[in-house]
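Being a predicted model, the structure only gives us computed values, none of them experimental. Naming: A, B, ... by sequence-line order, numbering from 1 per chain.
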There are 2 protein chains.
Amino acid sequence: MRADATDMPEFSPRQNAVLEQALRLLVEGGEKALTTSGLARAANCSKESLYKWFGDREGLLAAMIAHQASKVRTFERSGERLTADLLRDHLELFARDLLEVLAGDVSLALNRLAIGQANREGSKLGKLLLEHGRRQIDRRAMALIDQGKRAGLLRFDNADAAYHTLYGLIVSDLHVRMLLGELGLKDNVRQAEKAVAAFLSLHGTQKQSADALGVSAGR
Amino acid sequence: MRADATDMPEFSPRQNAVLEQALRLLVEGGEKALTTSGLARAANCSKESLYKWFGDREGLLAAMIAHQASKVRTFERSGERLTADLLRDHLELFARDLLEVLAGDVSLALNRLAIGQANREGSKLGKLLLEHGRRQIDRRAMALIDQGKRAGLLRFDNADAAYHTLYGLIVSDLHVRMLLGELGLKDNVRQAEKAVAAFLSLHGTQKQSADALGVSAGR
DNA sequence: GCAGAACCGTACCGTACGGTACGATAGAGG
DNA sequence: CCTCTATCGTACCGTACGGTACGGTTCTGC
């Protein structure tokens, strides 16, 4: 289950159940629906226990983020010999997963919560969300494009910059739009394909067919 | 001043001054600092007037967005004959302006406010922010890349998709990171250059030097 | 079977917010 | 000079939140 032994408290099953209820309340009604009284009622626990377990409200929010992050594990299946097609497949899979994660109810709700809490410089929640939520996905992508470079399929100077390019091509302003309440894409798969095609056109070592880039006839 | 006669109420000078104070409070202390009592105190007006002018708290927030949007006007200087260098310059200028706008205190505060308010499907504030705040910048970029295509300098099937590609290359996940409390880029200019170089590599009709793409030696 | 801890449900407290009401003040118009 | 309107400052109200306290109940270890 848990690959790396990242310190962190870890919560009891009972506490996890309460955190799950908290996430449900947050998803369904936004931050204003997540009150201590409401959570105690929904989770059949006492407010006293909430404060005993999580300290205060901010501690509860932090625990919710940690709890949610602990549920998401990315399998790093490296090993296999990379070909151009295989690299493209993995990149597209990553893109689809990324789009799916960002569009998830819980992810959107937690991001809205942390963003609403943040002011200029220094949101505990924001930092926590970035570290816990992003680290997994970042590592997966970085490992992938690094592998692509070692296999001679990608070329770039700065792996971090290349990753940000990939991220931007996949997500564009979609994340912010969804955070603001807009609906997601109709076709994540096509978006993933187009983003990866563009990325390979920029950083791939092999000639890319222009079809998937949408620069010639078609669709 | 106002180019297009977009309906909308427009506020009196006094009301604008109050809205300016409201923005200041929001920027300095986040949403929790923007209370009706606090605003009345800061702006030397009565709460009664606030409710008379803006209806209720949500009306006030909407008025703040409208007020801020009314201050941002993009000059569409078209006309001139486009060359490849000119197109690149204009794209880079657009990229720099976009990065600067997104990193602005007021923009971040308003986006945080609207996002914090939003839950799944249907945030009045979110829709308002998207329409008022984004329309200007979108139109400017669309006009630019459309012009580029007519001049034979760009090629793409879907102008909207091309614009989103440009946007993603420029912004990547920077906007969300800043919304979460992270600091902005150290060098907006370089980011703008790299993004435009990548965009031209994808959709330009002329060969792009690989230098600016960061794929060869040279930092 | 019993002691102790953990926990639940409820009641309670102080505070601060959104929104309303009211008397006082100040210009504008005649 | 008088009146009307707009606004200010303050006081007020109901509500609902975060956080605490307490008695009753269940669970655990011995």
Side-chain angles (χ1 to χ4, degrees), chain A residues 9-65 67 109-110 112-114 116-119 123-125, chain B residues 9-65 67 109-110 112-114 116-119 123-125:
Chain A
E10 280 305 303
F11 304 106
S12 75
R14 176 72 180 117
Q15 290 165 12
N16 281 328
V18 171
L19 291 174
E20 206 61 37
Q21 286 297 314
L23 285 177
R24 193 177 62 81
L25 288 180
L26 180 67
V27 166
E28 289 180 358
E31 184 193 349
K32 64 177 178 46
L34 183 61
T35 68
T36 51
S37 307
L39 175 56
R41 206 176 312 119
N44 288 326
C45 72
S46 70
K47 291 173 65 174
E48 198 170 19
S49 298
L50 291 181
Y51 286 99
K52 181 174 190 174
W53 293 332
F54 308 113
D56 57 1
R57 189 169 193 267
E58 182 166 333
L60 171 66
L61 303 182
M64 289 170 64
I65 292 178
H67 169 68
L110 281 177
R112 289 195 186 111
L113 176 67
Q117 219 73 358
N119 38 12
S123 161
K124 283 293 214 189
L125 277 307
Chain B
E10 279 305 303
F11 304 106
S12 76
R14 176 75 180 118
Q15 289 165 11
N16 281 329
V18 171
L19 292 175
E20 207 59 37
Q21 286 298 315
L23 285 177
R24 193 177 61 82
L25 288 181
L26 180 67
V27 166
E28 289 180 358
E31 185 194 350
K32 63 177 178 46
L34 183 61
T35 68
T36 51
S37 308
L39 176 56
R41 205 175 314 119
N44 289 325
C45 73
S46 70
K47 291 173 65 172
E48 198 169 18
S49 299
L50 290 181
Y51 286 100
K52 180 174 190 174
W53 293 333
F54 308 113
D56 57 1
R57 189 168 193 268
E58 182 166 332
L60 171 66
L61 304 182
M64 290 169 63
I65 292 178
H67 169 66
L110 282 177
R112 290 194 185 111
L113 177 66
Q117 219 74 357
N119 38 13
S123 160
K124 285 293 216 190
L125 277 306

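Contacts between residues 19-38 of chain B and DNA chain D, counted as heavy-atom distances below 4.0 Å, involve no residue at all.
Evaluation of the salt bridge (charged side-chain N to carboxylate O under 4.0 Å, His left out) test over residues 45-56 of chain B, restricted to residues two or more places apart or in two chains, returns none. Applying the salt bridge (charged side-chain N to carboxylate O under 4.0 Å, His left out) test to residues at least two apart or on different chains, the pairs with a partner in residues 20-45 of chain A are A:Glu20-A:Lys71, A:Arg24-A:Glu28, A:Glu31-A:Arg57.
Atom OH in B:Tyr51 sits roughly 15 Å away from atom C1' in D:dT10 (whole-Å rounding). Distance B:Leu39 CG to D:dT7 P: 15 Å, rounded to the nearest Å. Rounded to a whole Å, the CZ atom of A:Arg14 is 14 Å from the P atom of D:dT28. At whole-Å resolution of the value, CG in B:Asp56 and C1' in C:dT20 are 14 Å apart. Counting to the nearest Å, the P atom of D:dT10 and the CG atom of B:Leu50 are 15 Å from each other. For the pair A:Arg41 CZ and C:dA11 P, the computed distance is 12 Å after rounding to whole Å.
Atoms NE2 and CD, on A:His67 and A:Glu10 in that order, are 10.0 Å from each other to the nearest 0.5 Å.
Scanning both residues, B:Leu50 and B:Ala40, for their nearest heavy atoms gives CD1-N, 4.1 Å.
For the pair A:Phe11 and A:Val18, the minimum side-chain heavy-atom distance is 4.5 Å or more. Taking the side chain as every heavy atom from C-beta outward, B:Leu110 and B:Val27 never approach each other to under 4.5 Å. Side-chain contact between B:Leu61 and B:Leu34 is present, with heavy atoms from C-beta onward closer than 4.5 Å.
Among residues two or more places apart in sequence or in another chain, the ring-ring contact (aromatic ring centres under 6.0 Å, His included) test is passed with B:Tyr51 by none. Residues satisfying the side chain to side chain donor-acceptor pair (under 3.5 Å) test with A:Thr35, not counting sequence neighbours, are none.
B:Trp53 has no side-chain polar atom (N or O) that falls below the 4.0 Å cut-off from OP1 or OP2 of D:dA6.
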Atom pairs under 3.5 Å: protein N/O with N/O of nucleotides 21-25 of chain D:
{"residue": "D:dC22", "atom": "N4", "partner": "A:Glu48", "partner atom": "OE1", "Å": "2.1"}
{"residue": "D:dC22", "atom": "N4", "partner": "A:Glu48", "partner atom": "OE2", "Å": "3.4"}

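Taking every side-chain heavy atom of A:Lys52 into account, C:dA6 is the closest of C:dA6, D:dG19, C:dG9. Nearest nucleotide to the side chain of A:Ser49, out of C:dG19, C:dC7, D:dC8: C:dC7.
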